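As C-alpha cells, the structure follows; a few thoughts come after it.
Whatever order the structure lists them in is the order used to number ligands and atoms, beginning at 1. Throughout, residue positions are numbered sequentially from 1 according to the sequence presented. Owing to the predicted nature of the structure, the values given are computational and were not obtained by experimental measurement.
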Amino acid sequence: MSERPYVIDEMISAKSIAARIEELCKEITAEYRDTDKLIVVGLLRGSFVFIADLVRELNLPVEVDFLEASSYGNAMESSREVRIFKDLRGEIEGRDVLVVEDIVDTGHTLTHVLHLLKARNPRKIKTIALLDKPSRREADIAADWIGFSIPDEFVVGYGIDYAQRNRNLPFIGKVRFVEGS
Ligand code: IMP
C-alpha cells in the first residue's frame with residue numbers, strides 16, 4: 001500500500017453507471033438474441049461489480065465464468081507482461097462468449113486474453129469494458145462496447161482498486177494525491 005496520502009474525487013456517479021449499463025445491455029441482448037446460452041467471462045478482479053450488474057440487466061440465458069489475468073502489480077504503471085493467474089472453469093468451444101473488462105488501458109491485457117480465448121474456437125466472442133482510456137493505448141484493440149471513455153487518470157471504485165483498496169466504492173472516482181500529513 002502506498003504511503004502517499006490521496007483523496008478520491010467522484011468522476012462517474014453510481015446512477016450514471018446504472019443508466020449506461022441499462023443502455024448497453026439492450027444492445028448486447030439484441031446482439032446475442034439467438035443464443036441458447038451466453039458465457040459471460042469476467043476478468044478478475046476489477047470486473048466483479050460490473051459483471052454482477054451487467055448480467056442482471058441481460059435478458060438472455062447466461063453462464064458466468066471468471067479468468068484472472070494481470071499486467072499490473074501494485075504500481076500505477078502497467079507493464080507489458082500479461083500473466084494468467086486463474087483460467088476458466090468451463091469450455092467455450094462453439095459457445096457464445098462476452099468478455100467483461102473493467103478498464104482498457106494500454107490494451108495488452110485484453111489483447112492477450114482474446115488471443116487465448118479465440119484459440120479455443122468460440123462461436124462468437126465479443127468484449128465489453130466499463131472504462132476506456134484511449135490516450136493510453138499501446139496495443140491495437142478496442143472493446144466492442146464501452147461504458148465510458150475517460151482521460152488518462154488513475155481511477156478507483158465500482159470494483160476497481162488502487163493497491164487493493166476502494167473496490168467497494170459505489171461510484172468511479174479519480175485518485176488525487178495530496179501533500180502533507
Ligand atoms: P492494460 O493491459 O494496460 O489495458 O490494463 C488493464 C488493467 O489495468 C485493468 O483491467 C485494470 O486492472 C488496470 N488498470 C488500468 N487503469 C487503471 C486505473 O486507472 N485504476 C486501476 N486499475 C487500472
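Between the side chain of D144 and the backbone N or O of T127 there is at least one donor-acceptor pair closer than 3.5 Å.
The closest side-chain heavy-atom distance from L98 to V41 is not below 4.5 Å. A heavy-atom distance below 4.5 Å is not found between the side chains of L131 and E101. The shortest distance between side-chain heavy atoms of K126 and V97 does not fall below 4.5 Å.
Close approach of ligand 1 to K133 (heavy-atom distance below 4.0 Å) involves ligand atoms 16 (N), 17 (C), 18 (C), 19 (O). Below 4.0 Å from some heavy atom of I160 lie the following atoms of ligand 1, by number and element: 20 (N), 21 (C), 22 (N). Short contacts between ligand 1 and E153, defined as distances under 4.0 Å to a heavy atom of the residue, involve ligand atoms 19 (O). Listed by number with element, the atoms of ligand 1 under 4.0 Å from a non-hydrogen atom of H108 are 2 (O), 4 (O).
Heavy atoms of H112 come nearer than 4.0 angstrom to ligand 1 in no pair at all. Using a 4.0 Å cutoff on heavy atoms, R45 does not count as a contact of ligand 1.
Ring-plane geometry between Y32 and W145 is classed as tilted, the angle between the planes lying from 30 to 60 degrees on a 0 to 90 degree scale.
Selection from T106, D102, D161, I103 by nearest heavy atom to atom 17 (C) of ligand 1 gives I103. Across I172, L43, T109, heavy-atom proximity to atom 5 (O) of ligand 1 is greatest for T109.
Salt-bridge annotation for D87 and R120: present, with a side-chain N of the basic residue lying under 4.0 Å from a carboxylate O of the acidic one.
The residue R136 has no part lying near ligand 1, judged by heavy-atom distances below 4.0 Å.
To the nearest 0.5 Å, the span separating CG on N121 from CD1 on I125 amounts to 10.5 Å.
Considering backbone and side-chain atoms together, G107 places an N or O closer than 3.5 Å to an N or O of ligand 1. Residue-to-ligand polar distances place V155 within reach of ligand 1: an N/O pair is separated by less than 3.5 Å.
Of the candidates I128, I17, D102, V55, I128 is the only one forming a side chain to side chain contact (heavy atoms under 4.5 Å, CB included) with F50.
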